[in-house]
S.K.: 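Got a structure here, written out as C-alpha cells. Questions coming.
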Amino acid sequence: MTIQKRISFQFVRDEVKRRIESRVWPQGSLLPTETQLAEEFNCARATVNRALRELADQGFVERKRKSGTRVKKEPSKHAKLELSLARQVVESQNANYRYALVERNVVTSPGWLSSQISVAPDARVLHVICMHYADNRPFQMEERWINIEAVPDVEDADLFEQGPHEWLLTAAPFTDAEVAFCAISADARLAEFMGTTAGTSMIQMERTTWKEDRPLTFARMTHHPGYCIRTKY
C-alpha cells in the first residue's frame with residue numbers, strides 16, 4: 001500500500017515562483033488555469049488558489065477575474081493593507097468597543113447591486129445596517145448586502161450580538177476581494193448616525209468578496225471624520 005504525499009500550497013507557490021524566476025513563464029505570460037495546475041500538482045484547486053494569491057501579494061503575478069493569472073511585466077512589492085475588524089481596531093486604540101444592529105431585512109437584489117456583484121436580478125439578499133462605537137462615540141457605520149444563495153446560513157444567523165463581518169469570517173470565509181476607498185460627503189441620515197453634520201467629509205470603503213467565482217457580499221464601511229488609513233510595503 002502506497003501513501004500519497006499531500007501537496008501543500010507552499011510547495012505549489014515555490015514551484016510557480018521558481019518557474020517565473022527561471023523564465024519558464026516569462027513576464028507577461030498567461031499561467032495555466034487553477035484547474036490545470038491542480039491536475040499537474042495532484043492537489044486541490046483551493047491549494048493552487050492560495051498559492052497564487054500569495055504570489056500576487058508578493059508582486060510576482062497579477063490576477064483578474066475571468067481573465068486568468070499573468071506574470072507581472074514589472075514585478076513590484078505591493079503595499080500591504082490589513083482589513084481588520086472594527087472591534088480589533090477600536091480595542092487596539094485602548095477604547096471600549098460596542099456594536100449595535102440597526103436594520104436587518106431580506107430583500108430582492110436591487111438593480112445596481114445585481115450589476116455590481118453579478119447576482120441574478122431576483123436574487124434574495126440580506127441587507128444589514130449596523131454601527132460600531134469606540135467609547136460610545138460613532139466609529140464606523142457598516143451597510144452590507146449578503147448573497148443568501150451563497151451563504152444560506154446567514155438568514156438565521158444571530159447578528160444582534162456579533163457583527164456580520166465577524167460572523168462571515170468564520171461561517172463563510174472569502175477567497176477573493178476587491179476594495180475601493182472613496183471620499184464622500186455625509187447625507188443627513190449618515191450624519192445623524194455618525195454624530196456630525198450633513199456635508200462633512202468622510203472616508204468610505206467599499207468591499208466586494210467572492211468565494212471562488214461566487215459573489216458573497218458587498219459592503220460599505222463609512223468611518224468617522226478624521227479617520228486615517230495606513231499601510232505598509
Side-chain angles (χ1 to χ4, degrees), residues 57 76-107 109-117 119 125-147 151 154 157-174 176-210 215-233:
D57 290 341
S76 59
K77 192 171 183 180
H78 288 187
K80 183 178 181 181
L81 177 65
E82 295 184 358
L83 301 177
S84 302
L85 295 168
R87 177 195 301 276
Q88 294 172 333
V89 178
V90 170
E91 292 178 346
S92 71
Q93 297 173 353
N94 295 319
N96 292 318
Y97 171 79
R98 183 169 67 84
Y99 160 81
L101 180 65
V102 178
E103 292 182 19
R104 172 183 175 147
N105 299 290
V106 174
V107 299
S109 175
W112 68 265
L113 180 65
S114 297
S115 175
Q116 180 82 17
I117 66 173
V119 295
V125 296
L126 181 67
H127 179 220
V128 179
I129 299 177
C130 52
M131 287 293 300
H132 305 272
Y133 295 89
D135 288 339
N136 282 326
R137 293 190 300 271
F139 176 79
Q140 180 193 93
M141 182 177 184
E142 176 182 352
E143 185 170 17
R144 186 179 293 267
W145 291 262
I146 304 170
N147 180 12
V151 195
V154 75
D158 181 6
L159 301 179
F160 287 93
E161 299 297 328
Q162 183 181 52
H165 186 185
E166 201 162 347
W167 184 88
L168 284 161
L169 286 178
T170 301
F174 62 88
D176 297 277
E178 181 178 275
V179 178
F181 292 96
C182 311
I184 67 164
S185 296
D187 59 19
R189 183 169 183 267
L190 179 59
E192 181 181 2
F193 275 104
M194 297 302 292
T196 186
T197 57
T200 299
S201 297
M202 293 181 169
I203 292 179
Q204 185 175 83
M205 180 176 73
E206 294 185 346
R207 188 175 73 177
T208 307
T209 59
W210 294 266
L216 295 180
T217 71
F218 175 74
R220 290 194 180 110
M221 280 78 84
T222 307
H223 295 83
H224 64 86
Y227 181 77
C228 181
I229 298 172
R230 291 184 173 86
T231 187
K232 297 178 181 180
Y233 65 91

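Quick note: residue numbers are just sequence positions, from 1.
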S.K.: In Å and rounded to the nearest 0.5 Å, what is the CD to SG distance from Q204 to C182?
M.R.: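 Reported to 0.5 Å precision, the distance equals 6.0 Å.
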
S.K.: How many angstroms lie between CZ in R144 and CE in M221, if you round to the nearest 0.5 Å?
M.R.: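 One finds 5.0 Å between CZ of R144 and CE of M221.
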
S.K.: Step by step, would you call Y99 with Q162 a side chain to side chain contact (heavy atoms under 4.5 Å, CB included)?
M.R.: CA-CA 7 Å; Y99 160 81; Q162 183 181 52; 5.8 Å; no

S.K.: Would you find a donor on one side and an acceptor on the other, under 3.5 Å apart, between the side chain of D135 and the backbone of N96?
M.R.: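 Indeed, once roles are kept as given, a pair shorter than 3.5 Å links the two residues.
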
S.K.: Mark yes or no for whether Q88, through its side chain, and L85, through its backbone, hold a donor-acceptor pair below 3.5 Å.
M.R.: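 Such a contact is found between Q88 side chain and L85 backbone.
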
S.K.: Between H132 and V89, does the side chain to side chain contact (heavy atoms under 4.5 Å, CB included) criterion hold? Intermediate values first, please.
M.R.: CA-CA 11 Å; H132 305 272; V89 178; over 6 Å; no

S.K.: Taking all atoms of both residues into account, what is the closest heavy-atom pair of V151 and A172, and its distance?
M.R.: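 Answer, listing the atom of V151 first, then A172: CG1-CB, 3.8 Å.
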
S.K.: Could you walk me through whether R137 and H224 pass the side chain to side chain contact (heavy atoms under 4.5 Å, CB included) test, one step at a time?
M.R.: CA-CA 9 Å; R137 293 190 300 271; H224 64 86; over 6 Å; no

S.K.: So, do L159 and V128 sit near enough that their side-chain heavy atoms are less than 4.5 Å apart?
M.R.: yes

S.K.: Can you pull the side-chain hydrogen bond (donor to acceptor under 3.5 Å, both in side chains) pairs that have at least one residue in residues 182-194, sequence neighbours excluded?
M.R.: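 The answer is E103-R189.
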
S.K.: Is there a side chain to side chain contact (heavy atoms under 4.5 Å, CB included) between H165 and Q140? Walk through the geometry before answering.
M.R.: CA-CA 12 Å; H165 186 185; Q140 180 193 93; over 6 Å; no

S.K.: Ring-plane angle category for H223 and Y227, please: parallel below 30°, perpendicular beyond 60°, tilted otherwise.
M.R.: parallel

S.K.: Write down the atom of V90, the atom of A134, and the distance for their closest heavy-atom approach.
M.R.: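 Closest pair (atom of V90, atom of A134, distance): CG1-CB, 3.7 Å.
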
S.K.: What is the distance from atom CZ of F218 to atom CD1 of I146, rounded to the nearest 0.5 Å?
M.R.: 13.0 Å

S.K.: Do R220 and W112 form a cation-pi contact, if we require the NZ or CZ to be under 6.0 Å from the six-membered ring centre and within 45 degrees of the ring's axis?
M.R.: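 Output yes; distance and angle both within limits.
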
S.K.: How many angstroms lie between CD1 in I117 and OG1 in T217, if you round to the nearest 0.5 Å?
M.R.: 7.5 Å

S.K.: What's the shortest heavy-atom distance between M194 and T222, and which atoms?
M.R.: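 For M194 versus T222, the nearest heavy atoms are CE-O, 3.9 Å.
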
S.K.: For the residue pair P173 and T170, what are the closest heavy atoms and their distance?
M.R.: CD-O, 3.9 Å

S.K.: Quick one: does T209's side chain get under 4.5 Å of L168's, heavy atoms only?
M.R.: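 A side-chain contact is absent here, since even the closest heavy-atom pair is not under 4.5 Å.
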
S.K.: How many angstroms lie between atom CD of E143 and atom CD1 of I129, to the nearest 0.5 angstrom?
M.R.: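 Interatomic distance, E143 CD to I129 CD1, rounded to 0.5 Å: 4.0 Å.
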
S.K.: Measure the shortest side-chain to side-chain distance between E142 and C130 over non-hydrogen atoms and say whether it is less than 4.5 angstrom.
M.R.: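 A side-chain contact exists here, since the closest heavy-atom pair is under 4.5 Å.
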
S.K.: Looking at V154 and R104, what are the two nearest heavy atoms and their distance?
M.R.: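 Looking at all heavy atoms of both residues, the closest pair is O-NH2, 3.2 Å.
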
S.K.: Could you tell me which non-hydrogen atom of V119 sits nearest to which non-hydrogen atom of L113, and how far apart they are?
M.R.: CG2-O, 4.4 Å

S.K.: For the CZ atom of R87 and the CZ atom of F139, what is their distance to the nearest 0.5 Å?
M.R.: 12.5 Å

S.K.: Please check: side-chain N/O of D176 versus main-chain N/O of W210, any donor-acceptor pairing under 3.5 Å?
M.R.: no

